[in-house]
Amino acid sequence: MAPRRHRRQRRRRPRPATPLSPFLFLGAFAVGLFLIWVAAHERHEAKKEKAKQPKLTMEQARAANAAIPFADLKPRPARPFYFRGNTASREQATQCLATAALYEAGSDERGQRAVIQVVLNRVRRAGFPKTVCGVVYQGATRTTGCQFSFSCDGSRARRPEHAGWAAARHAAQRALSGYVFRPVGTATHYHTDWIVPYWIGSLDKIAKVKSHIFYRPRG
């Protein structure tokens, strides 16, 4: 009997894996478009809210602000903030804090400490960046939507500040080492008393330092 011939089994070549780069590119492109849409939507909503606001004189705005009662007779102070980081990152945080304090409050040392406390309160709060500089310059790349107006209105280029810089740096260094400015409590927002922002209806008014009124999130 003739031996059976074994058929040679053809080895199946493995199919080449589909490269992921096109999918990654498309995904990144889609995310980019979404972020652009979100930014445009935020600008549109901000303009709508601003347009709704009635134009008030300085006296009318101050009267409207004075009519809003304080939520607390004595706000609860924030917990001490102790900066954790190396020398370089601490210096960066000090610079950001001092710059915000100087441009928001000028050479007024009490006002500077209030601004610094608000920045540190935001660092701890959900919904804000988790670094000092991230909070100070949040939204600075947009023409609208910056959290601190000096960071996007050209103030630093238009009017370089010098008076009060040493005090602002000293206040920033103290705050990063645990000093708490108790009068503003856990405030995360503030404005001058001659304007009435659209967002004050969603926050609790808790303090006033000279011409600035301070608010904290409800609950």
Side-chain angles (χ1 to χ4, degrees), residues 35 38-39 42 46 75-192 197 199 202-204 206-217:
L35 293 176
V38 168
E42 288 179 352
R76 177 172 54 87
R79 291 181 292 111
F81 185 96
Y82 295 101
F83 184 82
R84 308 296 181 192
N86 58 31
T87 303
S89 58
R90 185 185 183 88
E91 173 60 23
Q92 186 180 39
T94 300
Q95 288 286 111
C96 290
L97 268 184
T99 301
L102 188 63
Y103 278 92
E104 291 290 297
S107 58
D108 174 37
E109 295 184 17
R110 187 174 170 82
Q112 289 180 358
R113 294 196 293 270
V115 171
I116 287 170
Q117 189 63 57
V118 167
V119 172
L120 297 184
N121 289 345
R122 286 190 174 196
V123 173
R124 284 192 169 126
R125 188 86 187 178
F128 294 100
K130 294 303 167 191
T131 65
V132 170
C133 293
V135 165
V136 170
Y137 293 102
Q138 184 180 11
T141 56
R142 303 194 296 267
T143 54
T144 61
C146 54
Q147 298 296 303
F148 296 93
S149 58
F150 82 92
S151 68
C152 65
D153 68 0
S155 293
R156 288 176 295 168
R158 187 171 61 253
R159 53 177 182 86
E161 295 280 0
H162 300 289
W165 176 249
R169 273 190 60 85
H170 179 64
Q173 290 167 346
R174 288 184 67 196
L176 293 175
S177 298
Y179 172 80
V180 174
F181 187 65
R182 298 172 68 91
V184 299
T186 55
T188 54
H189 294 73
Y190 63 87
H191 65 86
T192 54
W199 44 259
S202 61
L203 302 171
D204 284 336
I206 60 171
K208 186 176 182 183
V209 177
K210 292 191 174 180
S211 62
H212 285 84
I213 305 172
F214 293 80
Y215 302 80
R216 70 163 182 232

So, taking the atom named [atom1] in [X] and the one named [atom2] in [Y], what distance separates them when rounded to the nearest 0.5 Å?
| X | Y | atom1 | atom2 | answer |
| --- | --- | --- | --- | --- |
| Arg174 | Arg113 | CZ | CZ | 7.0 Å |
| Ser89 | Phe83 | OG | CZ | 4.0 Å |
| Gln138 | Thr131 | CD | OG1 | 10.0 Å |

If you apply the rule side-chain contact (heavy atoms from CB on, under 4.5 Å), what do you find for Val115 with Tyr190, and how did you get there?
CA-CA 9 Å; Val115 171; Tyr190 63 87; 3.7 Å; yes
Check whether [X] reaches the backbone of [Y] with its side chain - one donor and one acceptor, N or O, closer than 3.5 Å.
| X | Y | answer |
| --- | --- | --- |
| Asp204 | Arg216 | no |
| Arg124 | Ala78 | no |
| Lys130 | Arg125 | yes |
| Asp108 | Gly164 | no |

Does Ser211 have any side chain to side chain contact (heavy atoms under 4.5 Å, CB included) partners at least two apart in sequence or in another chain, and if so, which?
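Side chain to side chain contact (heavy atoms under 4.5 Å, CB included) list for Ser211, sorted by chain: Asp193, Trp194.
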Tell me, yes or no, whether the heavy-atom count around Gln95 atom CD, taken from other residues, nucleotides or ligands under 6.0 Å, exceeds 12.
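More than 12 heavy atoms, drawn from other residues, nucleotides or ligands, come within 6.0 Å of this atom.
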Min side-chain heavy-atom separation [X]-[Y] under 4.5 Å:
| X | Y | value |
| --- | --- | --- |
| Val119 | Phe148 | yes |
| Trp165 | Thr99 | yes |
| Val180 | Gln117 | yes |
| Gln173 | Tyr179 | no |
| Leu120 | Leu97 | yes |
| Phe181 | Ile116 | no |

So which atom in [X] and which in [Y] form the shortest heavy-atom distance, rounded to 0.1 Å?
| X | Y | answer |
| --- | --- | --- |
| Cys96 | Tyr137 | SG-CE1, 3.8 Å |
| Ala168 | Ala101 | CB-CB, 4.4 Å |
| Asn121 | Ala187 | ND2-O, 2.8 Å |
| Ala172 | Ala98 | CB-N, 4.0 Å |
| Pro183 | Arg110 | CG-NH2, 3.9 Å |
| Ser107 | Ala163 | CB-O, 3.9 Å |

Run His189 and Val118 through side-chain contact (heavy atoms from CB on, under 4.5 Å) and show every step you take.
CA-CA 7 Å; His189 294 73; Val118 167; over 6 Å; no
Report the C-alpha separation of Ile206 and Val184 in whole Å, then their side-chain angles, then the decisive distance to 0.1 Å, and conclude whether the side-chain contact (heavy atoms from CB on, under 4.5 Å) test is met.
CA-CA 7 Å; Ile206 60 171; Val184 299; 5.8 Å; no
Please assess Thr188 against Tyr215 for the test side-chain contact (heavy atoms from CB on, under 4.5 Å), listing each intermediate value before the final yes or no.
CA-CA 6 Å; Thr188 54; Tyr215 302 80; over 6 Å; no
State which residues pass side-chain hydrogen bond (donor to acceptor under 3.5 Å, both in side chains) with Arg122; sequence neighbours excluded, sorted by chain then number.
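Arg122 satisfies side-chain hydrogen bond (donor to acceptor under 3.5 Å, both in side chains) with Gln147 only.
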